[in-house]
There are 2 protein chains.
Amino acid sequence: MNDTGASRSSDQNDLGNKERLRLWIRLLRASRTIENELRLRLKSRFDMTLPRFDVMAALNREPEGLLMSDLSRFLLVSNGNVTVIVDRLVTDGLVVRSSREGDRRTSIVRLTDAGLTLFRQIATEHEKWVGEMLGGIGDEEARHLATILKSFRSNWET
Amino acid sequence: MNDTGASRSSDQNDLGNKERLRLWIRLLRASRTIENELRLRLKSRFDMTLPRFDVMAALNREPEGLLMSDLSRFLLVSNGNVTVIVDRLVTDGLVVRSSREGDRRTSIVRLTDAGLTLFRQIATEHEKWVGEMLGGIGDEEARHLATILKSFRSNWET
DNA sequence: CAGAATTATTTCAAGTATGAAGTTTTAAGG
DNA sequence: CCTTAAAACTTCATACTTGAAATAATTCTG
């Protein structure tokens, strides 16, 4: 096989790891920068927090509603966390919990009309903000990057 | 003076915004996935949390030490947050605060010997983990991606 | 130099966030 | 049936995080 020593065997070598570590740090800094800015704008313009907006955005994609555990899985946050955030949104009248026929354990969460209306207002601005912040990345490049990030997931979790 | 209507004026159009919004969501999910996995491994293997490790990593790059405000700026977290995390690391004997000659407001934070030793142990594993998780991304692609993410920063902040 | 502005940090209340333990409900295996 | 297991949530202790207000030291300005 290959015994020239010019390249390593199948798995990642140290040089590659260093490169990937740098990439991870940049990725983390990029998302923190964007998150911080979005949090600031959501707060000042809509008195809304990022976690609550995230839940509303997830619910907006599913008019039928989502289980608490679906929200947890989709948003990649813990079950206990979802409970607290949804409680807050219920208090604010933006979402409702309803039990499902035949299973009294589950509770389906849906946007209320008020929630949907508010979400649409915010989402319009939100999309513009993100477009603005990522404006330095070209169209094709954005598509390319999104493709890479989509396919990388969970390669390490057997 | 483009009046053909075939293309938009200088700034981003709606289609581009949609593309960038998708990119942002992928970016966020990617970093959350990696963060969650790293948190799990740091906890189980070293009984260490991610924020504490982040502070130690920042301090490791600066043997002279860093001001609290430097840490805040570099890690993109609030000042109050840095205070709590550093307090914890001081309690654990991993870092020390020392005041700077001539300015009694500031406190310089440094890794202790124990902190440095522990950091090096963890960092070795940490780098391998990241290399593993990002293993699906090729070497040149990682470099390319890192370049994009580096240069995009703060385009919107005047 | 005195007062005002700035800088560096801490404190605090409120809001996330996790993971473990507990509750209620449903499903599964004898 | 009747235990035992599994599933869906909630509750709780602990930890992180922000942003605003407080504290303290330094610098600026008239």
Side-chain angles (χ1 to χ4, degrees), chain A residues 28 31-56 65-92 94-109, chain B residues 28 31-33 35-56 65-92 95-109:
Chain A
L28 187 56
S31 49
R32 278 198 191 161
T33 303
I34 296 171
E35 256 189 321
N36 286 344
E37 183 68 18
L38 287 178
R39 178 182 14 259
L40 209 66
R41 297 190 187 188
L42 280 174
K43 178 68 178 175
S44 71
R45 308 247 172 132
F46 297 102
D47 193 33
M48 170 63 59
T49 69
L50 206 39
R52 287 176 216 173
F53 178 71
D54 283 347
V55 166
M56 293 178 78
L66 286 171
L67 302 183
M68 299 295 281
S69 42
D70 290 336
L71 281 170
S72 170
R73 256 189 304 279
F74 183 73
L75 299 176
L76 302 174
V77 300
S78 70
N79 257 329
N81 190 2
V82 173
T83 296
V84 176
I85 304 297
V86 168
D87 281 350
R88 221 11 131 342
L89 288 171
V90 169
T91 303
D92 294 347
L94 300 173
V95 311
V96 282
R97 278 185 238 243
S98 54
S99 57
R100 185 170 57 179
E101 187 70 22
D103 193 339
R104 273 176 297 181
R105 288 172 304 179
T106 64
S107 72
I108 299 181
V109 187
Chain B
L28 186 56
S31 49
R32 276 198 193 162
T33 304
E35 256 190 323
N36 286 345
E37 183 68 17
L38 287 178
R39 178 184 313 114
L40 210 65
R41 297 190 187 189
L42 280 174
K43 178 68 178 176
S44 71
R45 181 105 163 65
F46 297 103
D47 193 33
M48 171 63 59
T49 69
L50 205 39
R52 287 177 217 171
F53 179 71
D54 283 347
V55 166
M56 292 178 79
L66 286 171
L67 301 184
M68 298 296 281
S69 42
D70 291 336
L71 280 170
S72 170
R73 255 190 304 278
F74 183 73
L75 298 176
L76 301 174
V77 300
S78 70
N79 258 330
N81 191 1
V82 172
T83 296
V84 176
I85 304 298
V86 167
D87 280 351
R88 192 48 175 267
L89 288 171
V90 168
T91 302
D92 294 349
V95 311
V96 283
R97 278 186 238 245
S98 54
S99 56
R100 185 170 58 180
E101 188 70 23
D103 192 338
R104 272 175 298 179
R105 289 171 305 179
T106 63
S107 71
I108 298 180
V109 187

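Being a predicted model, the structure only gives us computed values, none of them experimental.
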Roughly how far apart are A:L71 CG and A:I85 CD1, rounded to 0.5 Å?
-> 10.5 Å
Between B:K43 and B:V84, who's closer to the 5' end of DNA chain C by nearest nucleotide?
-> B:V84
Within residues 47-55 of chain B, find the residues that approach DNA chain C with a heavy atom at under 4.0 Å, and present them sorted by residue number.
-> none
Are any of the side-chain heavy atoms of A:D47 and A:K43 separated by less than 4.5 Å?
-> yes
Across the strands shown, which category fits B:R32 at heavy-atom distances under 4.0 angstrom: base, sugar-phosphate, nothing?
-> nothing
So what does B:S69 touch, heavy atoms closer than 4.0 Å: a base, only the sugar-phosphate, or nothing?
-> sugar-phosphate
Please work out which residues in residues 100-107 of chain B have a non-hydrogen atom less than 4.0 Å from an atom of DNA chain C and list them by number.
-> B:R105, B:T106, B:S107
Under the side-chain hydrogen bond (donor to acceptor under 3.5 Å, both in side chains) test, which residues partner B:R39, sequence neighbours left out?
-> B:N36
Tell me, do A:V55 and A:L75 make a side-chain contact under 4.5 Å, heavy atoms counted?
-> yes
Specify the closest pair of heavy atoms between A:V86 and A:V109, including all atoms of both residues, with the distance to one decimal.
-> CG1-CG1, 4.2 Å
Non-neighbouring partners of B:S78 that pass side-chain contact (heavy atoms from CB on, under 4.5 Å), sequence neighbours left out = B:N81
Range on DNA chain C touched by chain B, heavy atoms, distance below 4.0 Å = C:dT7 to C:dG19
Only counting residues at least two apart or in another chain, list the ones meeting side-chain hydrogen bond (donor to acceptor under 3.5 Å, both in side chains) with A:S99.
-> none
Inter-residue atom distance A:L50.CG - A:L38.CG, 0.5 Å rounding | 6.0 Å
Which residues pass the side-chain hydrogen bond (donor to acceptor under 3.5 Å, both in side chains) test with A:D92, sequence neighbours left out?
-> none
Using the heavy-atom set of chain B and a strict 4.0 Å cut-off, write down the first and last nucleotide of DNA chain D that makes it in, 5' to 3'.
-> D:dA15 to D:dT26
For B:R97, side-chain hydrogen bond (donor to acceptor under 3.5 Å, both in side chains) partners two or more places apart = B:D87
Just jot down the side-chain contact (heavy atoms from CB on, under 4.5 Å) partners of B:V96, sequence neighbours excluded, or say none.
-> B:R110, B:T112
Have a look at A:L40 and say if it touches a base, only the backbone sugar-phosphate, or nothing, with a 4.0 Å heavy-atom cut-off.
-> sugar-phosphate
How do A:T83 and B:V77 order along DNA chain D: which one's closest nucleotide is nearer the 5' end?
-> A:T83
Which pairs, with at least one residue in residues 36-56 of chain A and sequence neighbours excluded, count as a ring-ring contact (aromatic ring centres under 6.0 Å, His included)?
-> A:F53-A:F119, A:F53-A:H126
Applying salt bridge (Lys or Arg N to Asp or Glu O under 4.0 Å), which residue pairs with at least one partner in residues 69-78 of chain A are found, sequence neighbours left out?
-> A:D70-A:R73
